[in-house]
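Step one of this worksheet: look at the structure below.
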4 protein chains.
Amino acid sequence: MAGNKYEEIAAAAIQLFEQKGYHATSVQDIADAVGLQKGSLYHYIASKEELLLKITHQAISGFVRRLEEIIDTDLPVEERFRQGIRTHMQYITQYLSMSTVLLREAFSLGEPHNEVIRDLTDRYLNLWTQIIDEGVAAGVFYVKDSRIAALTILGSCNWVYRWFKEEGKYTAEEIADQMADLFLNGLKKGRT
Amino acid sequence: MAGNKYEEIAAAAIQLFEQKGYHATSVQDIADAVGLQKGSLYHYIASKEELLLKITHQAISGFVRRLEEIIDTDLPVEERFRQGIRTHMQYITQYLSMSTVLLREAFSLGEPHNEVIRDLTDRYLNLWTQIIDEGVAAGVFYVKDSRIAALTILGSCNWVYRWFKEEGKYTAEEIADQMADLFLNGLKKGRT
Amino acid sequence: MAGNKYEEIAAAAIQLFEQKGYHATSVQDIADAVGLQKGSLYHYIASKEELLLKITHQAISGFVRRLEEIIDTDLPVEERFRQGIRTHMQYITQYLSMSTVLLREAFSLGEPHNEVIRDLTDRYLNLWTQIIDEGVAAGVFYVKDSRIAALTILGSCNWVYRWFKEEGKYTAEEIADQMADLFLNGLKKGRT
Amino acid sequence: MAGNKYEEIAAAAIQLFEQKGYHATSVQDIADAVGLQKGSLYHYIASKEELLLKITHQAISGFVRRLEEIIDTDLPVEERFRQGIRTHMQYITQYLSMSTVLLREAFSLGEPHNEVIRDLTDRYLNLWTQIIDEGVAAGVFYVKDSRIAALTILGSCNWVYRWFKEEGKYTAEEIADQMADLFLNGLKKGRT
DNA sequence: CATGAATGAGTGTTCATTCAT
DNA sequence: AATGAATGAACACTCATTCAT
């Protein structure tokens with residue numbers, strides 16, 4: 001029951017942070033959105049920043065958890081790579097507001113709040129690097145530096161929050177497949 | 001020269017916006033950085049937001065202009081593509097602070113300031129789409145949707161502002177080449 | 001026993017008021033200290049201020065009662081004076097936290113709460129004035145104005161809350177004797 | 001000119017802190033008293049607490065400076081003692097509001113602001129201890145512990161802020177003399 | 001050109017108190 | 001008796017902007 005109200009607050013904050021940005025959203029805005037007095041919010045949150053932390057933490061955790069599950073699979077690397085992209089796309093588009101808050105507003109987290117997010121973000125990058133490394137070890141991927149490759153791929157996959165529209169031409173899956181095709185093809189041995 | 005002082009202010013603002021973020025930077029901070037009183041700043045800028053607009057406008061214009069020059073070249077598509085990536089990387093890393101402000105803080109621009117930036121950003125995307133389309137027309141690129149491909153590539157290239165370090169393992173050129181290799185290889189006909 | 005819980009609350013409040021001050025102590029702090037919810041406190045106290053009133057009332061009453069007992073004694077004035085100082089010192093040091101709250105925080109009591117304390121404080125001053133007057137009448141004390149003398153002595157005796165340390169060089173009794181010596185000597189006829 | 005406005009603010013704050021107490025006085029109250037907007041106050045003060053610090057610092061400095069001047073005199077100890085009390089009384093009564101703020105509200109200073117005040121307060125006590133020590137060395141005072149004696153005397157002299165009334169029966173000088181008589185008499189060798 | 005005093009709306013946060021359960 | 005959600009007013013403080021000098 002108590003958690004319920006917090007969820008409501010977090011949901012409202014996600015919407016507001018996404019639409020107006022973290023700084024442009026006042027605690028008053030959030031309170032209005034959930035029909036509470038400004039002061040009453042503080043029964044559920046410690047501070048505005050801690051609320052942002054919890055939201056971004058939930059978001060990045062979702063990415064990490066899903067990718068870890070895929071990695072633990074015994075699918076061939078290539079397939080794990082494609083699944084990773086698909087899942088990333090599904091998640092980022094399904095929770096587009098939350099992901100936007102993560103990718104755009106986490107920067108506003110000050111010390112020491114930002115650490116947790118930075119660590120999990122690093123972890124996510126490392127998971128991708130690991131997949132690429134495995135592909136290289138298996139002789140199916142050819143890259144100069146797997147970390148650069150991972151950053152390149154992650155950039156594409158994250159940037160999505162900036163342009164994806166629910167009502168757009170393609171579904172998340174279709175986009176994921178186009179991306180995966182592009183990257184898988186690119187990762188395999190070039191003909192030159 | 002009057003412009004001189006404005007440049008100083010803009011330079012200071014770029015540094016501050018990059019380090020602390022637009023919202024966390026006060027007009028006082030900027031004034032301090034250039035050794036002026038807060039009030040005196042307003043002889044050079046109309047408002048804090050207009051300052052941000054000018055900075056981001058300069059940044060995105062730089063990207064656009066450079067890519068247009070490359071496109072006007074009569075190099076083969078493949079080469080223009082590679083040059084586009086290289087130039088993007090050179091520019092984004094050479095003007096890393098300014099690019100960061102563009103890519104991270106332009107969102108804080110309200111109506112109607114944001115329009116100019118949005119338009120130029122769209123234009124930059126269209127230029128990339130155009131290159132890919134030419135590649136497809138020339139039979140050297142194979143993509144399902146050139147706009148999606150352009151967004152994918154742009155995501156990678158822009159994301160760079162988040163992780164590039166001057167003192168890192170690779171130079172901007174080396175990273176650009178790794179990216180170009182990956183994308184060029186990916187854009188060409190897959191063997192599957 | 002209901003009173004039991006109130007005593008617990010008062011004891012906690014005394015500690016907190018002494019350490020942090022009345023204003024800097026929140027009702028939450030007190031609730032935490034006694035392991036109750038903030039709201040539950042209000043079964044035992046009417047308000048934070050009323051709690052302060054009760055504490056200070058208890059404190060000043062203790063001073064008054066003890067001095068009245070000494071006055072009712074048939075000891076010689078000089079001895080009653082010395083006993084008064086000793087008892088004041090014993091009481092103030094034994095209940096140092098409570099005395100501190102009385103002497104430092106009673107000022108925060110608003111109308112009409114402050115009246116009771118003011119009245120009892122006046123009464124305590126009057127008791128001291130009375131002792132001195134008796135000494136003068138008995139020809140053993142020589143003072144220009146007994147009220148000023150009483151205020152002077154009380155100032156010394158109360159100030160103790162600001163510097164007395166349990167683990168200090170002297171016991172409360174030793175300090176009391178030094179003070180009593182100084183004052184008794186001073187109150188007797190000067191040689192000039 | 002600038003200092004002028006600050007003086008105005010400090011004067012208003014002293015009055016308000018004395019009448020209502022530091023905590024019960026809002027920044028708004030002070031702003032109202034000087035006819036400024038709340039925010040405008042912050043051109044002159046860094047914070048409410050820093051304002052309190054400055055006030056209390058000025059107050060305690062006044063006490064210290066005056067006593068140091070007396071000590072540097074070549075008057076006989078007894079006379080310096082009497083002058084010290086007189087000056088303390090003159091100062092505390094002339095600047096009664098400010099002294100009240102010092103003696104009653106300095107406690108509200110948190111770390112690290114309180115240190116300065118604590119140090120100066122200690123210094124003032126040491127000056128008094130020094131005078132008594134000199135008296136003892138000169139053979140005119142007889143005390144067991146000069147620090148206890150100093151604390152006793154200071155208690156009386158400071159307590160004055162609690163009861164002195166401008167329109168009272170005695171002037172500051174008369175009270176000072178009564179106190180000085182009592183203490184000087186008490187400090188000299190008792191007949192017992 | 002530069003100042004710096006002044007504004008006034010706005011910020012996140014605290015807190016004593018109430019009350020339905 | 002105890003909870004804990006909710007209040008609502010108050011709080012110290014910030015800030016972009018203006019403007020008379």
Between E:dG4 (P) and D:N4 (CG): distance, integer Å: 17 Å
C:E49 and C:H113: side chain donor to acceptor below 3.5 Å: yes
Contact check, side chains of C:L102 and C:F63, non-hydrogen atoms, under 4.5 Å: yes
Donor-acceptor pair present, C:H43 side chain and F:dA1 base, under 3.5 Å: no
Test item: B:V27 and B:Y42 side chains (from C-beta on) under 4.5 Å apart, heavy atoms: yes
Separation of atom CG in D:L41 from atom C1' in E:dG8, rounded to whole Å: 13 Å
Sorted by number, the residues of residues 45-55 of chain C with heavy-atom contact under 4.0 Å to DNA chain E: C:S47, C:K48
Pair partner, F:dA9 [Watson-Crick or wobble, under 3.5 Å]: E:dT14
Phosphate contact (E:dT7 OP1 or OP2) by D:Y42 side-chain N/O below 4.0 Å: no
Min side-chain heavy-atom separation B:Y6-B:K54 under 4.5 Å: yes
C:S40 side chain near F:dT3 phosphate (N/O to OP1/OP2, under 4.0 Å): yes
From CA spacing to verdict: ring-ring contact (aromatic ring centres under 6.0 Å, His included), C:Y22, C:F17: CA-CA 5 Å; C:Y22 172 70; C:F17 290 170; 5.2 Å; yes
Residue-level proximity of residues 14-39 of chain B to DNA chain E when a heavy atom falls under 4.0 Å: B:L36, B:Q37, B:G39
C:R162 side chain near C:L103 side chain, heavy-atom distance below 4.5 Å: no
Close side-chain approach of B:L109 to B:E115, heavy-atom, < 4.5 Å: no
Any side-chain heavy-atom pair of C:F107 and C:N114 under 4.5 Å: no
Whole-Å gap separating P (F:dC13) and OH (D:Y44): 18 Å
Nucleotide opposite E:dT21 in a Watson-Crick or G-U pair, distances under 3.5 Å: F:dA2
Side chain to side chain, D:R118 and D:T121, heavy atoms closer than 4.5 Å: no
